[in-house]
Amino acid sequence: MNQLVVMPVLIPLACAALSVLASRSARAQGIIGVVGTGALLAASILLLRTVLEHGVLALQIAGWPAPYGITLVADTLSAIMVVLGGITGFAVAIYALVDIDADRREAGFYPMLHVLLMGVCFSFVTGDAFNLYVCFEIMLIASFVLLALGGERMQMEGALKYVTLNLVSSAIFLSALGVLYGLTGTLNLAHLHQLMPGVAAEHPDLVAATAGLFLVSFGIKAGLFPLYFWLPSSYHTPPVAVSAIFAGLLTKVGVYALIRMFTLVFGDLEGAHRLLLILATLTMIAGVLGAVSQYHIRRILSFHIISQIGYMVVGLGLMVSPDPDVRRLGLLAAVFYIAHHIIVKANLFLIGGIVRRLRGTEELRDMGGLYRQMPWLAALFLVPALSLAGIPPLSGFWAKLSLFRAGLQAGQWVVVGAAIAAGVMTLMSMIKIWNEAFWKAPPETDATAAITIEPLDRGRLAVLLVPAVGLAVLTLLIGLFPGFLFDLAGRAAGELLDPTPYLEAVGAVATGGAP
Amino acid sequence: MLIFMAILIGVLYSTGVYLMLRRNVVKLIFGLFLLGHAANLLIFTVGGLVRARPPLAAVGADAPPPDVADPLPQALVLTAIVIGFALTSFFAVLAKRVFLATGTDDTDALKSTES
Amino acid sequence: MRDSLILRTTTRVIMPLLLLFSFFELLRGHNEPGGGFVGGLLAAGGLCLYMLAHGVDDARRVLRVDPRVLIGVGLLLALAAGLVPVFQGAPFLTGVWAENKVPGIGKVSTVLLFDVGVYLVVAGTTLLMVLSLAARDEEEDDPC
């Protein structure tokens with residue numbers, strides 16, 4: 001049963017190996033891609049069910065007991081995240097069947113997609129800080145290749161910025177790990193949780209500095225306020241399928257790492273949570289203001305990722321409050337928000353990609369008239385768009401509602417006000433996309449002259465629509481029956497605040513033991 | 001020794017940051033490379049600079065003798081070096097492709113994704 | 001440089017030696033310095049030498065298989081090595097040793113299998129990188 005924990009890592013690895021072997025046949029790679037990500041999704045759902053039934057699962061790799069070996073742990077949060085990774089991977093693998101051109105397939109799109117998923121899922125289930133670093137690097141190198149595949153000028157420039165900032169983040173992460181190991185003598189997260197109170201009492205300033213390093217490093221990955229500039233200058237450059245999986249998963253790995261580190265290891269560091277709350281509030285506002293000024297679909301959506309990251313981190317930042325109810329509600333809201341956001345945001349990118357295919361451009365000013373042509377596509381766009389803005393009864397409404405409740409209970413009026421303002425502006429820019437792309441009459445000038453993408457026939461359009469419709473249905477389901485996800489998120493929040501089951505599952509981490 | 005290492009690490013970090021702030025893509029690579037090595041050296045140093053025996057247990061013994069060096073920081077550094085090698089070589093190829101695609105190595109001229 | 005007789009002649013002697021030595025390193029790596037990583041690098045080094053002496057196309061011909069196949073097979077071997085103990089109920093990646101000794105190698109184990117996988121992946125990756133970089137330089141007509 002415990003072996004299940006390693007499945008979300010092994011399945012993508014096997015798929016990567018198989019699709020490298022099948023590198024001559026684009027067809028075989030496509031089949032491996034869809035079947036493999038489908039298997040990943042199935043395994044992750046099984047993992048979530050097992051975790052819900054039997055509590056936290058842990059696997060000591062090669063049988064080395066913690067804290068000496070590498071431990072893989074799946075608590076409710078990890079399991080939820082892995083399921084979300086599986087959903088996004090599956091949707092993107094289907095979409096990529098049409099979206100990724102032959103050159104990029106031959107250059108290794110599918111193997112890299114699997115490696116990326118492996119890195120993402122591995123970072124969700126690892127219970128070791130250094131292993132987390134390695135997972136990040138696996139994920140990064142795959143994302144570098146995916147971003148640069150194809151070699152168009154815009155892509156190259158975007159990739160340079162993305163790679164540089166992410167490598168800086170990795171270097172900071174590595175330095176933080178070094179200092180942390182020097183302080184505590186361990187890198188196992190559960191063991192760190194046990195040693196941290198003693199170390200923090202002895203060296204409060206060093207612990208604060210280390211926490212600051214982690215905050216900056218994960219903040220770059222997640223796209224927090226002053227550290228997000230790489231995101232809007234790179235996410236709109238690669239093919240849509242790549243953008244979608246980046247938008248859905250990569251920044252959320254940063255948020256996950258923030259949540260894990262600042263509950264399990266630095267859970268009692270009040271200053272860090274206060275800083276996180278301030279940065280998150282600024283992130284919400286800065287991201288949404290960036291989006292308002294844009295007229296390029298994927299750039300608008302990229303800025304919204306940043307703003308939404310702010311909402312999630314607000315949930316974590318509410319741990320400043322000493323009230324356990326508020327803390328629990330804040331973390332619950334953060335987890336709920338992540339789940340809602342990954343599904344919605346990946347879907348918006350996918351639908352934006354369909355619009356781009358139909359109009360040959362992503363510049364909103366050159367579009368229009370899509371509603372008359374395809375009213376159902378307009379309706380499909382509205383589901384994730386309104387959900388992102390938080391209109392009831394869609395998933396985003398419940399996510400925002402629980403966040404506002406937590407914020408109000410904590411008495412953080414400024415934060416709640418900023419969140420409401422950011423929500424209104426999100427709605428504004430979603431309406432802007434709707435108006436410009438779907439509602440208004442197409443511009444007089446013949447924009448079709450600039451089309452470089454091959455036109456769509458019905459069959460290919462249908463393939464592109466399958467994942468978009470699937471994700472939209474998921475959004476509706478979460479919106480109409482939020483109870484299930486609320487229970488899951490509540491359980492995850494409970495485990496984050498009281499990690500006893502986590503520690504017990506990792507097991508045998510006796511007191512002390514620093515070498 | 002510790003002071004010397006601390007100064008060395010500081011110099012590496014500051015040189016790395018300085019190089020990254022230049023406008024040249026090649027210097028950017030060197031800067032990142034130095035940052036990575038500064039971090040490696042930091043791990044190595046805070047892991048404990050001691051003169052000690054290698055952590056090997058004799059045949060038949062359960063544990064190595066006392067006063068052995070901690071092998072973990074070295075394993076961490078080794079992993080980080082290999083990863084850094086891969087990332088740096090990727091970055092070098094990327095920089096070449098950027099130059100071929102854009103015709104410039106001046107980072108200030110690479111602004112077309114920003115508007 | 002591709003026409004150097006000296007390089008070609010020495011390569012004929014050194015490349016087999018390098019490949020042989022890479023196997024030696026692979027097998028000895030369990031308890032002593034060596035292992036799949038170094039072995040793979042040595043093997044790739046041998047073929048790179050051949051490439052320098054005879055050109056990229058000849059090197060590909062000598063290699064016979066696409067480097068990507070090496071990577072794929074290596075990954076699958078390493079994966080299989082990790083999965084063997086799972087079927088015996090032990091955690092993933094636990095070392096499992098065969099009962100009987102094989103002459104010349106000793107007890108065969110999943111650890112060795114894993115190392116062979118690493119060997120193939122490292123050799124394949126290095127060759128893929130070097131061969132494609134060198135091919136591009138040959139196309140550009142000014143090897144740098």
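What you see is a predicted model, and the numbers here were worked out from it, not measured in a lab. Below, chains carry the letters A, B, ... as their sequence lines are ordered, and counting in each starts from 1.
With values rounded to the nearest 0.5 angstrom, A/Ser175 atom OG is found 7.5 Å from B/Leu35 atom CG. Taken to the nearest 0.5 Å, the CD1 atom of B/Ile83 stands 5.0 Å off from the OH atom of A/Tyr133. Atom OG1 of B/Thr107 sits about 11.0 Å away from atom CD of A/Glu157, to the nearest 0.5 Å. In this structure, OG1 in B/Thr79 is found 4.5 Å from CZ in A/Phe130, a value given to the nearest 0.5 Å. Going from atom CG of A/Leu160 over to atom CZ of B/Arg97 covers 13.0 Å, rounded to the nearest 0.5 Å.
Across B/Pro73 and A/Tyr181, no two heavy atoms sit closer than the pair CG-CE2, 3.6 Å. Between B/Leu32 and A/Thr164 the shortest heavy-atom distance is CD2-O, 4.1 Å. Residues B/Ala39 and A/Ala171 approach most closely at CB-O, 3.8 Å, considering heavy atoms.
When heavy atoms are compared at a cutoff of 4.5 Å, B/Val25 approaches chain A solely by way of its side chain, counted from C-beta outward. Within the 4.5 angstrom heavy-atom criterion, only side-chain atoms of A/Ala148, from C-beta onward, approach chain B. In this structure, the portion of B/Leu42 lying under 4.5 Å from any heavy atom of chain A is its side chain and not its backbone. Neither the backbone nor the side chain of A/Leu140 comes within contact range of chain B; no heavy atoms are under 4.5 Å apart. No part of A/His296 comes within reach of chain B, as not one of its non-hydrogen atoms sits under 4.5 angstrom from that chain. For a residue to count as touching a neighbouring chain, one of its non-hydrogen atoms must lie under 4.5 Å from one of that chain's; by this rule B/Tyr13 touches chain A with the side chain only.
Counting heavy-atom pairs under 4.5 Å between each of A/Val145, A/Leu187, A/Ile138 and chain B puts A/Val145 at the top. Between chain B and the residues A/Ser234, A/Ser233, A/Gly178, A/Gly182, the largest count of heavy-atom pairs under 4.5 Å involves A/Ser233.
Residues A/Met156 and B/Leu94 form a side-chain contact, since some pair of their non-hydrogen atoms from C-beta on lies under 4.5 Å apart. Residues B/Phe90 and A/Leu167 form no side-chain contact, since every pair of their non-hydrogen atoms from C-beta on lies 4.5 Å or further apart.
Screening A/Leu174, A/Val179, A/Leu180 against B/Ile43 for a side chain to side chain contact (heavy atoms under 4.5 Å, CB included) leaves a single residue, A/Leu174.
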